[in-house]
Amino acid sequence: MQFDTTELISFMTNWSVILPALLTTVLMAILAQVLGIALGLVAALAGRSRNPVVHGIATVYVWIFRGTPVLVQILLLYFGVPVLLGGIDPFPTTYGSLPTLIGGAFVAATLALGVNEGAYMSEIIRAGILSVDAGQAEAAKSLGMTPRKTMSRIVLPQAMRVIVPPLGNEFNNMLKTTSLASVITVTELVMVAEMRYAGTFKPFEPLVGISIYYLAMTTVWGFVQARIERKLGAGLNRNDDEPGFWSRTLSVSRGAPHSGGMR
Amino acid sequence: MTTPSGHIHGTDVKVSKDLLAAIGGAPTSSTELVVDAQHVNKWFGKLHVLQDVSLEVKRQEVVVILGPSGSGKTTFIRCVNHLEKIQQGRISVNGHLIGYREVDGRLVEDKEANIARQRQEIGMVFQRFNLFPHKTALENIIEAPVQVKGMARVEALEMGKALLQRVGLAAKADAYPAQLSGGQQQRVAIARALAMKPALMLFDEPTSALDPEMIGEVLEVMKELAREGMTMIVVTHEMGFAREVADRVVMMDEGRVVEEGTPEAFFSNPSNERTKSFLAKIL
Ligand SMILES: Nc1ncnc2c1ncn2[C@@H]1O[C@H](COP(=O)(O)OP(=O)(O)OP(=O)(O)O)[C@@H](O)[C@H]1O
Ligand SMILES: [Mg+2]
């Protein structure tokens, strides 16, 4: 069997199919990542609570969602939750006025990916908070700042430097993990490839095609990530008189406390 | 110190006068006792770090706490602004119980918001400065007045600049902590604490992390503060400062106050054996 370049190009430039799929993939990744950051922050803060119930919920959340496959979580949410809810289907094919791109499967996949991501972000944010010297919080408290103000004004801004590099890796991962949404019929890149070769019996070309698109997306993100990190680390490689905050203060250790793979 | 003229002799004062003028003068209040600690006991696990410690500090008094390493000096002053819990006894600042409130005759830990409010009137200066590294000197100073007291930013900036001037760092307003020497950082830290107009200042070995040539500039600021009538508890190994500035010297050992007196009596005629051997080592 030969590789059919014409088929590859024909698939990759079938814009009416490819563009919505690309948009779906990127949108799903961004929304899930944002949800993951929000949940991760809540879980990280809850995990520091002295209230055993609050602390317990955060611990169990991280335990469950890091300990089971995200694919299973997607399936459970999409097929399981409607069963639990009885007659109500929270994930219909379309939501009335919303664009068809954002149907029930899209929402279920995004939620599942986001909730799963929150468990990982929680650990990353926790590590970031722990990286800030305890004296910082004490100084803030001694000035009369409440725990909340201490966290938002003093600790978290300093934790960002440790949080951002692994966060970038998480998003790279997320772009690719969205491919799992194809199992619940979200029309993202893998789905359109499968639909293509179901008719042509030529799986090789569309799979190579979407790989090129994934590679393009992660590569672009890689540049964006490098830019952001350079901004945070400004001063490390600049010669001006006023080096940026991040490099001046918290010099070393740019390693990620967590680097994901497909879960 | 009881009178502003006090027993301070003219050393080479580098900072300008009127530190407290920058925050509107020395705080006054009807309560004569600023700190009233009674029978404080604290344990770290099994370790009995504070054993029946009592200390009273009057308004405008400067108390220096001395003692060997591990004697509980840091722990005690951290209890005064409730950075540490106590298990027995009570500590009041300006007449208000710190960290606890009384419920049915028992002391229960107060709400975070109340504790935070109480800490506003207690300034603390740390051995390691603990300036906020992501903020400039001026931003460090205005952070709490703006965020905690809701002071208008313009007003806070004006006060912050005045304070920086008072500690001799007017030119460093826009410098980040990492761009300042240790001595400069500690002076900013003092200004930051003063910006909350505290009734009491706690110092935990404020010069111990400094190179010798920078100790003087920080002590100078502290002397000026004392001269202007700030109530202060100072943990330090700087005997010169203790002799010159302290109204009272308190010696701690193994979690207890073992001797207390005027600097004159304390240094020339210590009665306690522990004090004698401690002074013999340190002087
Ligand atoms: N968080 C803590 N947990 C357990 N033990 C502690 C803690 N902090 C202090 N200690 C112990 O309590 C005792 C008193 O410590 P503290 O720091 O108050 O002494 P110090 O007089 O300030 O000493 P130094 O002059 O070395 O600063 C020491 O034995 C110390 O090891
Ligand atoms: Mg100490």
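All chains are named by letter (A, B, ...) in the order of the sequence lines, taking the proteins before the strands, and each is independently numbered beginning at 1.
Between chain A and the residues E112(B), Q147(B), R117(B), the largest count of heavy-atom pairs under 4.5 Å involves Q147(B).
Within a 6.0 Å sphere centred on NZ of K172(B), other residues, nucleotides and ligands contribute 12 heavy atoms or fewer. Heavy atoms from other residues, nucleotides or ligands lying under 6.0 Å from CD of E158(B) number 12 at most. Counting non-hydrogen atoms of neighbouring residues, nucleotides and ligands closer than 6.0 angstrom, the CZ atom of R153(B) reaches no more than 12 such neighbours.
In this structure, chain A has heavy atoms under 4.5 Å from both the backbone and the side chain of F132(B). For K149(A), the part sitting under 4.5 Å from any heavy atom of chain B is the side chain, from C-beta outward, and nothing else. Only the backbone of L131(B) comes within contact range of chain A, with at least one heavy atom under 4.5 Å from a heavy atom of that chain. For E143(B), the part sitting under 4.5 Å from any heavy atom of chain A is the side chain, from C-beta outward, and nothing else. With a 4.5 angstrom heavy-atom cutoff, L83(B) touches chain A only via side-chain atoms.
P133(B) and Q136(A) make their closest contact through CD-OE1, 3.3 Å (heavy atoms, listed as atom of the first residue, atom of the second, distance). Across every non-hydrogen atom of V148(B) and M145(A), the tightest pair is CG2-CG, 3.5 Å. The two residues A144(B) and L143(A) have their closest heavy-atom pair at CB-CB, 3.7 Å.
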### Task
Let me see the working for E138(A) and R78(B) under salt bridge (Lys or Arg N to Asp or Glu O under 4.0 Å), right down to the final yes or no.
CA-CA 10 Å; E138(A) 294 198 335; R78(B) 285 167 60 86; 2.7 Å; yes

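In this structure, K141(A) NZ and M124(B) CE are separated by 12.0 Å, a value rounded to the nearest 0.5 Å. Interatomic distance, NZ of K111(B) versus OG1 of T146(A), reported as 14.0 Å (0.5 Å rounding).
No donor-acceptor pair closer than 3.5 Å links the side chain of N81(B) to the backbone N or O of S142(A).
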